[in-house]
There are 2 protein chains.
Amino acid sequence: MTDINFSGMAAKPDSQGDDHAPAAGGRDLRWDIIELLFFAYRDFVGDADQELEAFGFGRAHHRVIHFVTRYPGLKVADLLDVLRITKQSLGRVLKQLLDEGYIVQKTGNNDRRQRLLYATPKGEALVAKLAGLQTDRINRAVAGIDPAGVETVRQFLRAMIDRDDPDKVLEAIFGGGRKTRE
Amino acid sequence: MTDINFSGMAAKPDSQGDDHAPAAGGRDLRWDIIELLFFAYRDFVGDADQELEAFGFGRAHHRVIHFVTRYPGLKVADLLDVLRITKQSLGRVLKQLLDEGYIVQKTGNNDRRQRLLYATPKGEALVAKLAGLQTDRINRAVAGIDPAGVETVRQFLRAMIDRDDPDKVLEAIFGGGRKTRE
DNA sequence: CAAGATACGTCAATATGACTGACATAAATT
DNA sequence: AATTTATGTCAGTCATATTGACGTATCTTG
């Protein structure tokens with residue numbers, strides 16, 4: 001069997017003991033949270049990856065169909081802002097989702113150049129299935145945390161997000177107060 | 001100017017009001033935390049992306065040099081477990097980091113087949129720079145949260161991570177409570 | 001109305017980072 | 001001596017991203 005102990009693997013000398021303590025010579029780096037975020041997100045998106053394979057889709061498809069389902073009537077331009085990709089990249093993925101009947105387009109009422117995007121029941125079902133897997137993980141994670149603690153987690157995540165030049169979905173999430181429109 | 005209001009964009013009828021309330025017909029899905037995780041991670045890794053461009057590196061290089069810096073003496077096989085990629089994928093990225101002097105290899109003492117990986121001062125400097133950017137964001141995010149709340153955030157992130165079949169880095173992070181064997 | 005800007009789609013070429021499969025070598029284990 | 005392990009590499013492919021250019025329909029503005 002392989003050696004079970006760490007061969008020479010050790011915490012760096014400037015981060016002995018408490019992983020978020022001030023460094024001796026350098027500054028206080030948050031190694032622990034940096035790495036926890038990496039692993040948490042790795043496993044979080046991993047849940048969906050396995051399911052998506054069965055549909056012949058990748059992460060790109062998930063992101064698109066998720067936000068279209070959640071924010072019906074999203075424009076192509078909005079989606080580009082949210083996903084931070086180019087329209088050429090979005091094009092292929094979106095075309096697949098349209099061709100296979102997960103999304104439909106509707107010409108905008110006010111502006112007929114716009115193609116407003118809506119998920120079909122088929123698309124919504126896929127999104128709900130994937131969100132279910134991720135919800136299971138989140139529920140397990142918050143099982144030992146009281147409601148105030150969960151709100152603290154939300155507060156932390158919200159504060160990790162850039163607020164300058166927010167896209168439409170972020171505006172909806174952070175709301176001027178309004179989720180929809182009062 | 002483009003329309004500033006959401007053209008038809010609204011929360012789904014089954015998620016009115018509180019975003020994590022039980023759905024009318026379906027189950028209780030954690031849309032809010034799912035999306036907060038997406039945006040938080042998007043902006044979190046975005047910090048490093050901009051710096052990495054100046055070095056001609058991508059996210060793959062960052063992940064490799066980060067874990068090698070943090071866990072000196074990491075074996076190639078360990079790195080494959082942590083990053084969950086194939087050795088062929090790791091190969092090219094690792095070769096670049098070796099060629100450009102960010103990482104050095106040392107033959108294992110006990111097992112001469114092993115190539116133990118160590119960051120050079122040049123490599124450590126890059127990692128510290130990138131971790132500094134991410135630490136700035138984390139510090140801003142926890143600014144309004146008391147120490148107990150920050151510990152709750154850590155607890156949440158730890159609980160989001162798969163604990164079955166953990167890699168060596170995860171064993172180090174979770175320490176004594178390791179699943180493998182005592 | 002004419003001119004320009006905007007929203008979207010698409011063609012072409014390219015880069016990164018991932019994959020499978022096969023094979024080679026050196027060193028450890030049995 | 002035979003096998004397994006740790007690592008490296010070649011070859012081909014795929015998914016997702018990029019930049020740049022161009023076309024078309026539609027809205028806005030002078």
Side-chain angles (χ1 to χ4, degrees), chain A residues 1-4 7-8 42 45-46 48-50 52-53 55-65 68 73-99 103-117 167-168, chain B residues 1-4 7-8 42 45-46 48-50 52-53 55-65 68 73-99 103-117 167-168:
Chain A
M1 90 176 49
T2 75
D3 56 340
I4 209 68
S7 46
R42 180 192 70 172
V45 297
D49 284 348
Q50 301 182 7
L52 286 163
E53 254 183 278
F55 291 81
F57 290 151
R59 288 183 190 175
H61 302 85
H62 185 195
R63 294 194 289 266
V64 171
I65 186 67
V68 169
L74 213 54
K75 290 182 297 180
V76 170
D78 296 330
L79 213 38
L80 294 178
D81 287 341
V82 172
L83 303 181
R84 302 248 175 106
I85 57 175
T86 59
K87 68 178 168 181
Q88 292 87 340
S89 296
L90 177 60
R92 186 180 37 82
V93 171
L94 186 55
K95 193 172 191 316
Q96 273 182 271
L97 290 168
L98 287 165
D99 289 346
I103 288 178
V104 289
Q105 286 181 327
K106 276 181 51 182
T107 301
N109 289 327
N110 302 332
D111 188 335
R112 291 173 46 78
R113 293 171 304 180
Q114 297 173 349
R115 309 296 158 85
L116 308 185
L117 302 171
D167 50 66
K168 292 214 169 187
Chain B
M1 77 170 69
T2 76
D3 56 339
I4 209 67
S7 45
R42 179 193 72 172
V45 297
D49 283 349
Q50 301 182 7
L52 286 162
E53 255 184 276
F55 290 80
F57 290 151
R59 286 182 191 174
H61 302 84
H62 184 195
R63 293 194 289 264
V64 171
I65 187 68
V68 169
L74 213 55
K75 291 183 297 181
V76 170
D78 296 331
L79 213 38
L80 294 178
D81 287 341
V82 172
L83 303 181
R84 300 246 176 108
I85 56 175
T86 59
K87 66 180 169 180
Q88 293 87 340
S89 296
L90 177 60
R92 187 175 38 83
V93 171
L94 186 55
K95 193 173 191 316
Q96 273 182 271
L97 290 168
L98 286 165
D99 288 348
I103 287 178
V104 289
Q105 286 180 328
K106 274 180 53 182
T107 300
N109 288 327
N110 302 332
D111 189 335
R112 290 172 48 78
R113 291 171 304 182
Q114 297 174 349
R115 308 297 159 84
L116 308 184
L117 303 171
D167 53 65
K168 292 213 168 186

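Everything numeric in this text was worked out from a predicted model, so none of it was measured. Within every chain, numbering begins at 1; the chains are lettered A, B, ... in the order of the sequence lines, protein sequences first and strands thereafter. Because only heavy atoms are used, hydrogens play no part in the values below, and waters and symmetry mates are left out as well, while side chains stay in.
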Practice task
Send over the distance from B/Asp49 CG to C/dT16 C1', rounded to a whole Å.
Solution key: 12 Å
Handout entry: Nucleotide C/dG9, atom P - distance to CG of A/Leu97 in whole Å
Key = 13 Å
Practice task
Between A/Leu98 and A/Arg113, name the one whose nearest nucleotide on DNA chain C is closer to the 5' end.
Solution key: A/Arg113
Practice task
In whole angstrom, give the distance that lies between atom CD1 of B/Ile85 and atom P of D/dG8.
Solution key: 13 Å
Practice task
Give the rounded distance in Å between these two atoms: NZ of A/Lys168 and C1' of C/dA7.
Solution key: 13 Å
Handout entry: Set of residues satisfying side-chain contact (heavy atoms from CB on, under 4.5 Å) with respect to B/Gln105, sequence neighbours excluded
Key = B/Leu98, B/Arg115, B/Leu117
Handout entry: Nearest-nucleotide pick for A/Arg112, side chain only, options being C/dA28, D/dT7, D/dC27
Key = D/dC27
Problem - Residue list, ring-ring contact (aromatic ring centres under 6.0 Å, His included) with B/His61, at least two apart or on another chain - result: B/Phe57
Completion exercise
Applied to residues 79-92 of chain B, the salt bridge (Lys or Arg N to Asp or Glu O under 4.0 Å) test, sequence neighbours excluded, yields A/Asp43-B/Arg84
Exercise for the section: Would you indicate what B/Gln96 reaches in the nucleic acid, counting non-hydrogen atoms under 4.0 angstrom: base, sugar-phosphate, or nothing? Expected result: nothing
Handout entry: Distance, rounded to the nearest Å, where B/Leu90 contributes CG and C/dT16 contributes P
Key = 17 Å
Exercise for the section: Using a cut-off of strictly less than 4.0 Å, decide whether B/Ser89 has a side-chain nitrogen or oxygen near OP1 or OP2 of C/dC19. Expected result: yes
Problem - 4.5 Å side-chain heavy-atom contact, A/Thr86 and A/Leu90 - result: no
Exercise for the section: May I ask you to verify if any side-chain N or O of B/Gln105 is less than 4.0 angstrom from the OP1 or OP2 atom of D/dG8? Expected result: yes
Exercise for the section: To the nearest Å, give me how far apart CG (B/Asp81) and P (D/dA6) are. Expected result: 10 Å
Exercise for the section: Verify the neighbour count for atom CG of A/Asn109: are there more than 12 heavy atoms of other residues, nucleotides or ligands below 6.0 Å? Expected result: no
Practice task
When you get a sec, tell me which of D/dT7, C/dG17, C/dC8 is the closest nucleotide to the side chain of B/Arg63?
Solution key: C/dG17
Handout entry: nucleotides 9-15 of chain D: protein proximity per nucleotide (B base, S sugar-phosphate only, - neither; heavy atom, under 4.0 Å)
Key = BB-----
Handout entry: Which residues share a side-chain contact (heavy atoms from CB on, under 4.5 Å) with B/Arg63, sequence neighbours left out
Key = A/Phe38, B/Arg59, B/Ala60, B/Leu83
Problem - Whole-Å distance separating the CG atom of A/Asn110 from the C1' atom of D/dT28 - result: 14 Å
Practice task
Report the distance from atom CG of A/Leu80 to atom P of D/dT16, rounded to the nearest whole Å.
Solution key: 16 Å
Exercise for the section: Examine C/dC19: is either OP1 or OP2 under 4.0 Å from a nitrogen or oxygen in the side chain of B/Thr86? Give yes or no. Expected result: yes
Handout entry: All salt bridge (charged side-chain N to carboxylate O under 4.0 Å, His left out) counterparts of A/Arg42, not counting sequence neighbours
Key = B/Asp167
Practice task
For B/Asp111 and for A/Asp111, find the nucleotide of DNA chain D with the closest heavy atom, then tell me which residue's nucleotide is more 5'.
Solution key: B/Asp111
